[in-house]
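Notes for the one structure printed next.
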Protein chains: 2
Amino acid sequence: MSAEETRNRLLDTALELIWQSNYNSVGVNEICKQAGVTKGGFYHHFESKAHLFCAASEHYWENIKRDLDAVLSPVNSPLEQLENVIGFIFHNKFGSPATCVRGSPFFSAGLQTGCDEPMINDSLQKMSQNCVKYNLALVRSLSAAGYLEGDVDAERVARLLSQYVQGLAGFARVNGCACLETVRKDIGEGFYRLLGLKRQYWFTTRATWQMPAKA
Amino acid sequence: MSAEETRNRLLDTALELIWQSNYNSVGVNEICKQAGVTKGGFYHHFESKAHLFCAASEHYWENIKRDLDAVLSPVNSPLEQLENVIGFIFHNKFGSPATCVRGSPFFSAGLQTGCDEPMINDSLQKMSQNCVKYNLALVRSLSAAGYLEGDVDAERVARLLSQYVQGLAGFARVNGCACLETVRKDIGEGFYRLLGLKRQYWFTTRATWQMPAKA
DNA sequence: GATAATACATACCGGTCGGTATGTTGGTCA
DNA sequence: TGACCAACATACCGACCGGTATGTATTATC
């Protein structure tokens with residue numbers, strides 16, 4: 001196993017475990033065991049658990065970013081972009097019902113760490129701002145095409161969307177897998193309402209986002 | 001100090017500390033120290049840390065409940081109810097900027113505990129359902145009075161509001177005190193949009209919720 | 001083929017955590 | 001007034017956690 005591969009396995013494993021549980025209760029030992037790496041290997045690649053988390057976040061964001069760029073590509077109409085984003089958010093990489101909302105690890109970690117670890121907080125804040133930025137692009141795209149009601153403070157609406165998605169992650173987790181189908185439908189209506197999408201465009205495109213094949 | 005008082009001090013202290021930080025990183029020792037109670041006292045009143053948290057949640061909810069009942073009292077018009085709820089949610093009991101959203105301890109704990117502690121999860125799920133129930137009352141009240149656009153699936157909208165509030169808590173915490181004023185305004189617009197409140201009623205009442213005097 | 005740096009592996013450490021065992025005290029009631 | 005019990009206080013435990021010290025293969029460099 002190459003050094004690069006070892007590092008990536010640690011990143012992926014950490015994210016998966018934290019996704020399924022949470023930052024605090026996932027220990028370094030557990031990450032190592034699951035990744036098939038020893039503690040020496042771990043601390044060879046990462047200064048600390050916090051450093052690993054930050055690296056994993058950025059690693060994960062790079063993936064998300066690529067997909068979002070594809071979703072928001074100008075080849076898609078604004079309505080398709082919207083539907084794809086909704087589908088994308090719901091997409092559940094790890095198959096765990098309690099974590100159906102993409103980005104859940106960031107959102108949960110934000111509430112977990114509190115004010116304890118400034119390093120992680122900074123990292124999460126950056127992620128949060130990144131999410132808002134992409135939402136902003138979506139809002140502007142829809143607004144410019146005249147799909148939205150009334151005046152639109154695009155920055156605010158983008159923030160509202162981010163806040164809503166964060167809440168979804170928590171809600172879905174607390175309420176367990178029983179609410180999965182419900183939440184799936186909630187996302188759509190939540191987005192439509194927060195955006196102020198004109199009623200005639202609700203549920204019109206039915207695009208369903210597909211995870212692009214990995215390189 | 002009476003037994004009842006000791007118990008209440010533990011409940012209040014636990015909630016405050018967890019509110020400011022989070023469930024995992026607040027230890028029993030810290031709670032005891034802050035409350036001026038020894039560990040013996042703690043385990044005399046509570047079986048475990050998890051039991052304390054659940055009791056504290058219920059204790060806290062009883063307070064919230066009283067206030068919400070007042071806010072949603074029929075003596076207030078539906079629009080006043082709405083504005084009061086918005087003000088109520090933002091109200092910051094402990095003065096910590098990162099936790100301006102009332103209910104934050106529940107929301108954060110929900111993401112913290114993951115699937116580890118079923119007991120806490122159950123408690124949080126109940127809280128979540130309670131919140132939805134109160135939102136439902138608000139939605140119905142507004143809907144019946146004709147303030148909302150289009151068809152209203154009241155249950156869904158109530159859920160959307162709960163999800164949004166949960167997200168706000170996380171967003172505010174991650175983004176720190178710098179975003180406090182912004183978030184304050186976001187709440188209002190988020191509620192208006194999720195409810196589908198008719199535009200002519202936006203920002204009309206300007207009611208500001210006041211914490212009722214304690215008995 | 002010698003040297004050195006990389007990439008781990010193993011064993012271990014100090015500290016903290018939730019929880020417990022046991023001692024003490026003040027009020028209650030017979 | 002003495003038995004009794006709730007309501008604590010103190011001391012302590014084993015488990016676990018993040019992190020480190022040190023040893024050992026493997027690979028690159030000259």
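Below, read A as the first sequence line, B as the second, and so on, with proteins coming before strands; counting in each chain starts at 1.
Closest to the Thr38(B) side chain, of the nucleotides dG19(D), dA9(D), dA11(D), is dA9(D). Comparing dA11(C), dA11(D), dC8(D) by their closest approach to the side chain of Thr6(B) singles out dC8(D). If you check dC8(D), dT10(D), dT20(D) against the side chain of His45(B), the one that comes closest is dC8(D).
Between the CG atom of Leu10(A) and the C1' atom of dA9(C) there is a distance of 14 Å, given to the nearest Å. Rounding to whole angstrom units, NE2 of residue His44(B) and P of dC5(D) are separated by 14 Å. The separation between Tyr43(A) atom OH and dT22(D) atom P is 18 Å, rounded to whole Å. Rounded to an integer number of Å, the gap from CG of Asn24(B) to P of dG18(D) is 11 Å. As rounded to whole Å, 11 Å separates atom P of dG19(D) from atom CG of Asn29(A). Between the CD atom of Glu30(A) and the C1' atom of dC16(D) there is a distance of 12 Å, given to the nearest Å. Computed from coordinates, the Ile120(A) CD1 to dG18(D) C1' distance equals 13 Å when rounded to whole Å. Rounding to whole angstrom units, CZ of residue Phe42(A) and P of dG19(D) are separated by 8 Å.
The nearest pair of heavy atoms linking Met119(B) to Ala50(B) is SD-CB, 4.1 Å.
With sequence neighbours left out, the side chain to side chain contact (heavy atoms under 4.5 Å, CB included) criterion links Lys65(A) to Trp61(A), Glu62(A), Asp69(A), Tyr134(A).
Between the side chain of Lys49(A) and the base of dG19(D), no donor-acceptor pair of N or O atoms lies under 3.5 Å.
Base engagement by Gly40(B) is indicated by at least one non-hydrogen atom pair under 4.0 Å involving a base atom.
Annotation: cation-pi pair Lys49(A)/Tyr43(A) absent, no NZ/CZ under 6.0 Å from the ring centroid and within 45° of its normal.
When only modelled atom types and interatomic distance are considered, Ser25(A) and Asn22(A) share a side-chain donor-acceptor pair under 3.5 Å.
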